[in-house]
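Here's the structure, in structure tokens; my notes come after.
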Amino acid sequence: MNSKRRLTRSSKRILTGVLGGIAEYFGISAAMVRIIFVILTIYPGHILFGLLVYLLLTVLIPEDSGTMHHSTFWGSGQQSRSRKELHDVTEEDTDKK
């Protein structure tokens, strides 16, 4: 078995996919990681530190390459894809009256 696990941001994301990616890496529930993170973050005096850690992890952990990302938190269905080029495209009117 020659598969290396890489820590990447999850494609099943709520905000940036950091906590989901950590859960996938360790093979545990993403909901559990999110609940633990929220509890540790709202602990008195740790809110700013928790937000800074989350932003730092967002910058440091790379995105999972080759997948489309759907934002379930905002409900926008935001997708990240590479740009496609179209060649030899013609436009025709489809209205036949």
Side-chain angles (χ1 to χ4, degrees):
M1 189 167 161
N2 193 12
S3 64
K4 289 185 179 179
R5 291 189 311 180
R6 283 190 53 204
L7 179 60
T8 58
R9 288 189 271 159
S10 176
S11 59
K12 300 171 189 166
R13 57 181 54 189
I14 289 184
L15 289 177
T16 62
V18 169
L19 299 177
I22 291 171
E24 289 173 1
Y25 182 77
F26 289 108
I28 57 178
S29 168
M32 185 61 66
V33 173
R34 291 176 181 129
I35 290 169
I36 291 170
F37 182 79
V38 168
I39 289 172
L40 292 175
T41 301
I42 62 173
Y43 189 76
H46 292 100
I47 292 175
L48 184 59
F49 179 73
L51 293 176
L52 289 175
V53 167
Y54 189 84
L55 290 174
L56 182 66
L57 290 174
T58 301
V59 171
L60 293 178
I61 298 175
E63 288 197 37
D64 187 14
S65 61
T67 59
M68 293 188 307
H69 303 288
H70 300 281
S71 174
T72 57
F73 184 77
W74 301 111
S76 64
Q78 182 181 27
Q79 298 177 356
S80 173
R81 305 182 198 178
S82 61
R83 187 179 181 111
K84 295 182 180 179
E85 289 187 30
L86 300 176
H87 300 282
D88 300 322
V89 176
T90 59
E91 185 175 326
E92 295 179 12
D93 191 10
T94 58
D95 279 343
K96 295 183 180 183
K97 294 181 180 179

Practice prompt. Could you list all the side chain to side chain donor-acceptor pair (under 3.5 Å) pairs where at least one residue sits in residues 14-36, not counting sequence neighbours?
Written response: Ser10-Glu24, Thr16-Tyr54, Thr16-Thr58
Worksheet item: Do the side chain of Arg9 and the main chain of Ile61 share a donor and acceptor less than 3.5 angstrom apart?
Response: yes
Item to complete: Report yes or no: do Val18 and Ile28 belong to one cluster of Ile/Leu/Val/Met/Phe/Trp/Tyr joined by side chain heavy-atom distances under 4.5 Å?
Response: yes
Worksheet item: Does Thr41 have any side chain to side chain contact (heavy atoms under 4.5 Å, CB included) partners at least two apart in sequence or in another chain, and if so, which?
Response: Phe37
Item to complete: Treating Ile, Leu, Val, Met, Phe, Trp and Tyr as nodes and any side-chain heavy-atom pair under 4.5 angstrom as an edge, say whether Ile14 and Leu7 lie in one connected cluster.
Response: yes
Discussion item. Is there a path of hydrophobic side-chain contacts, each under 4.5 Å between heavy atoms, that joins Ile22 and Leu56?
Written reply: no
Worksheet item: Is Ile39 linked to Leu57 within one hydrophobic cluster, defined over Ile, Leu, Val, Met, Phe, Trp and Tyr using a side-chain heavy-atom separation of less than 4.5 Å?
Response: no
Practice prompt. Could you list who else is in Val38's hydrophobic cluster, with ILVMFWY side chains joined at under 4.5 Å, directly or through other members?
Written response: Ile42
Worksheet entry | Which residues share a side chain to side chain contact (heavy atoms under 4.5 Å, CB included) with Ile36, sequence neighbours left out | Met32, Leu40
Response to the item:
Sorted by chain and number, sequence neighbours left out, ring pair (Phe, Tyr, Trp, His ring centres under 6.0 Å) with Phe49 holds for none
Worksheet, complete the sentence: Those residues at least two apart in sequence (or on a different chain) that pass side chain to side chain contact (heavy atoms under 4.5 Å, CB included) with Tyr43 are His46
Worksheet item: Same cluster for Leu19 and Leu51 if Ile/Leu/Val/Met/Phe/Trp/Tyr side chains link at under 4.5 Å?
Response: no
Item to complete: Would you name the heavy atoms of Gly20 and Ala30 that are closest together and state the gap between them?
Response: CA-CB, 4.2 Å
Practice prompt. Please round to the nearest 0.5 Å and tell me the distance separating atom CG of Leu55 and atom CG of Leu60.
Written response: 11.0 Å
